[in-house]
Amino acid sequence: MKIATFNINGIKARMNALTDWLDDANPDVAILQEIKSQDEGFPREALEDKGYNVETHGQKGFNGVAILSKLPLEDVTRGLPGAAGAGREGVDDEEARYIEATVVGDVAIRICGLYLPNGNPAPGPKYDYKLRWMDRLYTRAQELMAAEMPALMAGDYNIIPQPEDAARPADWTDDALFRPESRAAFRKIVNLGFTEAFRSCETGDGHYSFWDYQAGAWEKNNGIRIDHFLLTPQCADLLNNCWIESAVRGRERPSDHVPVWVDLAA
DNA sequence: ATGCCCTAGCACCTAGGA
C-alpha cells in the first residue's frame, strides 16, 4: 500500500495539479494539508469519480486537512483532542488541523493527518499555541502507542528535525520551525517509540519537502524537510520504503511542498 | 535589515504562510 502526505497549499489553486498527480502517482491513500476550503467547498465528487473515498476537516480560507483513500475509511474523527477547556472551551479547536481515519485493507491501519501550527513569530502567542498543540499531539501519540496497532501520524509538522534537514540551517536558528523547544517537542513524540520513516530509509543532507516560493529557493535547492511520517512499531514492521517526490516542485503552478511517500507491506 | 512569492477572501488590499 502506497500512502503519501502532501501539503497542497489551497485546493482551488491546486485542483489540476492534484488530479494530475493522482493520475500519475496513483496513491492508495493521500493525506492532504492546507486545503484552505470549507468541507462544502471541497471538490469531493471529482475525487470520488477517480475512485477515492474522501473525508475532510476544513474551514474558510486557511488550514484544513483531508484524507483520500481507494480503500474504505472507517471511524473518522476530526480535530485533535484536548483543546483548552475550563471556560475557554474550543479555543484551540477553531483551526482545522487534524483528522483521523482507519484504512481497511489486508490490515487495518489508523491514519492520522496533521497540519501542525507554524508558530512564527517566536516567541509569542502563536509559538505558545504551537507548543500547546504539540503537547496535545504527544498525548494522542501516547494513546496510539498504547494501542499496539499499526498506526501512522503524517503531515506537515512545521518542524526541521536536524540541521541536515535544512540547506541553510543558520537561517533558521530563531525560527519556530527549528528552535530548540520545537525540536525537543518533536523528539519527545518520536522517543515514545515511533519510527521517523524517512530517516529510517535515508541518511545525509539534501533531502527536502518544502521550498519557499521566494528568491528562487527551488532553483537553488534551498529547502527544508518538514513533512514527516511517524510510524508505531506495528506499522514500522510493514515499512518497505519512504521517499520524497521532489520533482513535483518543478511542475506547473506547484505547491511549495511536495509529496512524501511510504510503501507499506499491507 | 527587508523583501522576494503565493493563496484566499464580503478581494483591487490584507492576513497568513515558513
Side-chain angles (χ1 to χ4, degrees), chain A residues 5-21 32-43 56-66 91-98 113-134 137 154-183 185-186 207-228 244 246 248-260:
Chain A
T5 179
F6 189 5
N7 180 324
I8 59 173
N9 189 19
I11 187 62
K12 296 173 183 69
R14 213 70 61 214
M15 188 55 179
N16 287 341
L18 176 65
T19 54
D20 286 351
W21 172 71
L32 306 180
Q33 301 88 40
E34 283 207 88
I35 63 173
K36 296 188 175 181
S37 161
Q38 296 177 99
D39 293 336
E40 52 269 37
F42 194 79
T56 60
H57 179 41
Q59 68 179 89
K60 182 179 290 197
F62 305 107
N63 306 318
V65 290
V91 162
D92 279 356
D93 260 350
E94 291 170 9
E95 301 191 6
R97 297 179 174 275
Y98 191 85
L114 64 98
Y115 175 47
L116 210 146
N118 172 306
N120 281 305
K126 291 191 172 185
Y127 192 58
D128 295 341
Y129 172 59
K130 176 176 195 156
L131 294 178
R132 283 201 311 276
W133 206 93
M134 294 187 82
L137 187 63
D156 178 357
Y157 279 74
N158 271 317
I159 294 285
I160 302 166
Q162 298 288 349
E164 59 266 33
D165 296 312
R168 301 181 189 177
D171 287 0
W172 298 93
T173 304
D174 299 319
D175 195 280
L177 279 64
F178 193 58
R179 285 169 66 92
E181 303 96 310
S182 306
R183 296 170 57 201
F186 181 74
H207 305 286
Y208 312 124
S209 64
F210 169 90
W211 294 261
D212 202 294
Y213 287 120
Q214 301 181 66
W218 166 245
E219 288 75 12
K220 296 172 186 167
N221 196 25
N222 179 18
I224 51 178
R225 193 175 69 89
I226 57 176
D227 299 270
H228 309 298
I244 300 173
S246 51
V248 169
R249 185 64 176 80
R251 292 187 182 178
E252 197 77 14
R253 277 197 91 189
S255 170
D256 40 8
H257 295 249
V258 297
V260 180

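In what follows, chains carry the letters A, B, and so on, assigned in the order in which the sequence lines appear, proteins first and then strands, with residues in each chain numbered from 1.
A donor-acceptor contact under 3.5 angstrom links the side chains of A:Asn9 and A:Lys36, judged on distance only.
Closest to the side chain of A:Tyr115, out of B:dG16, B:dG9, B:dG17, is B:dG17.
Residue contacts shown for A:Asp175 are absent, as no nucleic acid heavy atom lies under 4.0 Å away. Using a 4.0 Å heavy-atom criterion, one finds that A:Asn9 contacts the sugar-phosphate atoms exclusively. Among the protein residues, A:Ile8 comes within range of no part of the nucleic acid, since none of its heavy atoms lies under 4.0 Å from any strand. Using a 4.0 Å heavy-atom distance criterion, A:Arg97 is classed as a sugar-phosphate-only contact. Within 4.0 Å (heavy atoms only), A:Asp156 reaches sugar-phosphate atoms of the nucleic acid but no base atom. Counting non-hydrogen atoms under 4.0 angstrom, A:Ala13 reaches the backbone sugars and phosphates but no base. Across all strands, A:Tyr157 comes closer than 4.0 Å to no nucleic acid atom at all (heavy-atom distances). A:Lys126 comes within 4.0 angstrom of sugar-phosphate atoms only, judged by non-hydrogen atoms across all strands, and of no base.
Two residues, A:Phe210 and A:Arg14, neighbour DNA chain B, and the one matched to the more 5' nucleotide by heavy-atom proximity is A:Arg14. Residue A:Tyr213 is the one, among A:Tyr213 and A:Gly10, whose nearest nucleotide of DNA chain B lies closer to the 5' end (criterion: closest heavy atom).
A:Asn7 has its CG atom 12 Å from the P atom of B:dT7, to the nearest Å. For the pair A:Asp256 CG and B:dG16 C1', the interatomic distance rounds to 12 Å; values are reported in whole Å. Taking atom OH of A:Tyr129 as the reference point, atom P of B:dG16 lies 13 Å away to the nearest angstrom. Taking atom CD of A:Glu34 as the reference point, atom P of B:dG9 lies 13 Å away to the nearest angstrom. Put simply, NZ on A:Lys220 is 14 Å from P on B:dC4, counting in whole angstrom units. At whole-Å resolution of the value, CD in A:Gln33 and P in B:dA18 are 10 Å apart. Distance, A:Lys130 NZ to B:dG17 C1': 12 Å, rounded to whole Å. Distance CD (A:Gln214) to P (B:dT7): 13 Å, rounded to an integer number of Å.
Between A:Asn7 and A:Ile226 the shortest side-chain heavy-atom distance does not fall below 4.5 Å. Inter-residue side-chain proximity for A:Leu177 and A:Asn120 is flagged as met; some heavy-atom pair is nearer than 4.5 Å. Two residues are said to be in side-chain contact when any heavy atoms from C-beta on lie closer than 4.5 Å; A:Arg97 and A:Pro117 meet this criterion. A 4.5 Å side-chain heavy-atom check between A:Glu164 and A:His207 finds every atom pair outside the cut-off.
Separation of the P atoms belonging to B:dC12 and B:dA1 is 35 Å when rounded to the nearest angstrom. Look at the P atom in both B:dC13 and B:dT2: the space between them is 25 Å, to the nearest Å. B:dC6 and B:dC10: their P atoms are spaced 23 Å apart (whole Å). On the C1' atoms, B:dA18 is 12 Å away from B:dC5, given to the nearest whole Å.
At the phosphate of B:dG17, neither OP1 nor OP2 sits under 4.0 Å from any side-chain N or O atom of A:Asn118. Residue A:His257 places none of its side-chain N or O atoms closer than 4.0 Å to OP1 or OP2 of B:dG17. Dashed line: the shortest gap from a side-chain N or O of A:Arg253 to OP1 or OP2 of B:dT7 is under 4.0 Å. Side-chain nitrogen and oxygen atoms of A:Lys60 include at least one within less than 4.0 Å of the OP1 or OP2 phosphate oxygen of B:dC10.
With A:Trp218 as the partner, the ring-ring contact (aromatic ring centres under 6.0 Å, His included) test is satisfied by one option alone out of A:Tyr208, A:Trp211, A:Phe210, A:Tyr213: A:Trp211.
Residues A:Arg225 and A:Pro161 share a closest heavy-atom pair of O-CD, 3.5 Å.
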